[in-house]
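All residue numbers refer to positions in the sequence shown, counting from 1. Predicted model only: the values in this text are computed from it and were never measured.
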Amino acid sequence: MSDTRDAGRDAGDEGPAGQSDPVRGTVRGRAPVPLSVLDLVTVGAGSTAHAALRTSVEIARLAESRGYTRHWVAEHHSMPGVASSSPAVILAHLAAHTSRIRLGSGGVMLPNHAPLAIAEQFGTLEALAPGRIDLGLGRAPGTDGRTAAALRGPGRLDEAAEEFPRRLSELTRFLDDDFPDGHPYSRVHAIPGPAQGLTGRPPLWLLGSSGYSARLAGELGLPFAYAHHFSPAGTLPALDLYRQSFRPSAVLDAPYAVIGVAALAADTEAEARAQVLTGALSMLRLRTGRPGLIPTPEEAAAYDFSPLEREFVDGWLANVVHGTPDEVRTGLDDLVKGTGADELMLTANAHGGEVRLRSYGLIADAYGMTVEVPAAD
């Protein structure tokens, strides 16, 4: 743990993201570990995908200026309240509006795509923003079973997840352009890529909400990101499994674990509570087969929860770090102490984009993460 954090603090020859290490983040201000952003590009009732994507640009710019390490976009499908179905497209847009922060997928759901297609998409992103792209990969579909079947085609739903290690190996070989002689793909090249002289490629991350990807990431010596924000009960077992399974690799000499955290800061505890209730109601509707746009605070406050619904919402909100900036800082500090996470990736799910934008700024303020002025070219 201390080794990876110190590597972030003592970065010397810093690259485009303000760090020399392509995986380990850099601690800013008084934060206990590097802080990053997980963006679901949420769409609130009365708003549009256009507005949500514009907010994502604003959040990426703020995150860059305040010293957040990375801004990741998550792949989801058939969810009206989430506009992040095409991470590579969004990341290209964010790359055009930023210059230093790392950008990546949190994640691309590999079973939904041909490995060559992902290698080409992220090779293109690497060519657009050299040294700033992360490729986070998930094994789940990022949606319901029917939508996954529509994405993957007939007959592929059951076998796709089981073939994850093979597809991961294939993707890695496309990125490195190193299929052995005699392999059916030995003369197939992911373009842009090494065949054109591209010297860098995005580091691979494995994402998960169970022990499967934790173990695989450890065995392969890859960085691991755990979805604590929606599966908190499995956080400690997954992190323990990752660390126990870890084998040093050319990528990492020690484990590096990120956890996704639902966090929202506001000027008052009551305001923060009202805002996170919108995300909780949205999740309740999703889990009960009624996905929709993120409700307004007024709609969430007026909703007549049944006892079972109230139990779900209360349980959900217990895992959301929210309140005043000082309260959120304390909650995040406690989470780092309890999990030993090497980096926190904060996701702010609320109705309004301005609320999420302000939350990231307030959290940066709480940790003394000062505004960074880019160096002149």
Side-chain angles (χ1 to χ4, degrees), residues 1 5 25 27-40 42 59 62-63 66-72 74 106 207 209 225-239 257-284 286-287 294 297 300 310-369:
M1 280 294 304
R5 293 182 193 173
V27 176
R28 303 295 188 187
R30 298 183 297 276
V33 293
L35 301 183
S36 292
V37 171
L38 176 61
D39 189 358
L40 303 185
T42 50
I59 291 174
L62 181 143
R66 299 304 300 271
Y68 286 83
T69 289
R70 63 191 98 237
H71 182 129
W72 280 6
L207 282 57
S209 57
Y226 182 81
H228 173 82
H229 56 296
F230 67 79
S231 189
T235 302
L236 292 180
L239 294 184
V258 173
I259 60 173
V261 183
L264 190 134
D267 292 321
T268 67
E269 193 281 332
E271 180 185 355
R273 178 78 177 188
Q275 295 297 338
V276 296
L277 185 60
T278 69
L281 177 55
S282 178
M283 182 55 62
L284 170 66
L286 177 65
R287 292 286 178 87
I294 309 297
R310 174 57 66 183
E311 181 180 357
F312 173 87
V313 166
D314 287 346
W316 182 265
L317 291 177
N319 187 48
V320 179
V321 181
H322 64 284
T324 65
D326 286 344
E327 289 171 330
V328 170
R329 182 188 64 210
T330 298
L332 296 178
D333 288 350
D334 289 345
L335 193 56
V336 171
K337 292 175 184 176
T339 64
D342 298 292
E343 183 175 326
L344 299 182
M345 183 162 281
L346 311 182
T347 183
N349 293 333
H351 170 266
E354 71 285 350
V355 171
R356 293 184 287 123
L357 187 66
R358 178 161 174 74
S359 175
Y360 288 115
L362 289 173
I363 293 171
D365 289 343
Y367 281 118
M369 297 164 64

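For E311, the CD atom sits in a loose shell: 12 or fewer heavy atoms of surrounding residues, nucleotides or ligands are nearer than 6.0 Å.
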Show the numbers, then the answer: is there a side-chain contact (heavy atoms from CB on, under 4.5 Å) between V328 and V321? CA-CA 6 Å; V328 170; V321 181; 4.0 Å; yes
Checking side-chain contact (heavy atoms from CB on, under 4.5 Å) for the pair L362/D267: CA distance, chi angles, key distance, verdict? CA-CA 8 Å; L362 289 173; D267 292 321; 4.2 Å; yes
Kindly determine whether W72 and T347 satisfy side-chain contact (heavy atoms from CB on, under 4.5 Å), including the steps that lead there. CA-CA 10 Å; W72 280 6; T347 183; over 6 Å; no
side-chain contact (heavy atoms from CB on, under 4.5 Å) evaluation trace for E269 with H322: CA-CA 7 Å; E269 193 281 332; H322 64 284; 4.2 Å; yes
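Contact record, L277 with A300: CD2-O, 3.7 Å, taken as the closest heavy-atom pair. Summarising the geometry of P237 relative to A233, their closest heavy-atom pair is CD-O, 3.9 Å, with the distance given to 0.1 Å. Minimum heavy-atom separation, A341 to V33: O-CG1, 3.4 Å. Nearest heavy-atom pair, L236 versus G338, reported as atom, atom and distance to 0.1 Å: CD2-O, 3.5 Å. Among all heavy-atom pairs drawn from H229 and W316, the shortest one is O-CH2, 3.8 Å. Between A280 and L317, the shortest heavy-atom contact is CB-CD2, 3.8 Å.
Side chain of S282 to main chain of T278: no donor-acceptor pair is present (N/O by atom type, distance under 3.5 Å, no hydrogens or angles). In this structure a side-chain-to-backbone donor-acceptor pair under 3.5 Å is missing from N349 to L264. No donor-acceptor pair closer than 3.5 Å links the side chain of Y367 to the backbone N or O of R28. Formation of a donor-acceptor pair under 3.5 Å by the R66 side chain with backbone atoms of M369 is found in this model. Side-chain atoms of S36 come within 3.5 Å of backbone atoms of R70 as a donor-acceptor pair (strictly under, hydrogens ignored). R30 contributes a side-chain N or O that, together with a main-chain N or O of A366, makes up a donor-acceptor pair within less than 3.5 Å. Y226 places a side-chain N or O within donor-acceptor distance of the main-chain N or O of S231, the cut-off being under 3.5 Å.
A search for salt bridge (Lys or Arg N to Asp or Glu O under 4.0 Å) contacts involving D334 returns nothing, not counting sequence neighbours.
To the nearest 0.5 Å, the span separating CD1 on I259 from OG1 on T339 amounts to 4.0 Å. Taken from CG in L207 to CG in L38, the straight-line distance is 8.5 Å, to the nearest 0.5 Å. Between atom CG of residue D39 and atom NE2 of residue H71 there is a gap of 3.5 Å, rounded to the nearest 0.5 Å. Here the CZ-CD distance, from R358 to E271, works out to 7.5 Å after rounding to the nearest 0.5 Å. We find the CG-NE2 distance between L281 and H351 to be 11.5 Å, quoted to the nearest 0.5 Å. In this structure, the separation between CZ on R329 and CG on D365 is 11.0 Å, given to the nearest 0.5 Å.
Taking 4.5 Å as the limit, every side-chain heavy atom of E327 sits out of range of all side-chain heavy atoms of T330. Two residues are said to be in side-chain contact when any heavy atoms from C-beta on lie closer than 4.5 Å; L346 and L332 meet this criterion. Counting only heavy atoms from C-beta outward, the side chains of S359 and I363 approach each other to under 4.5 Å.
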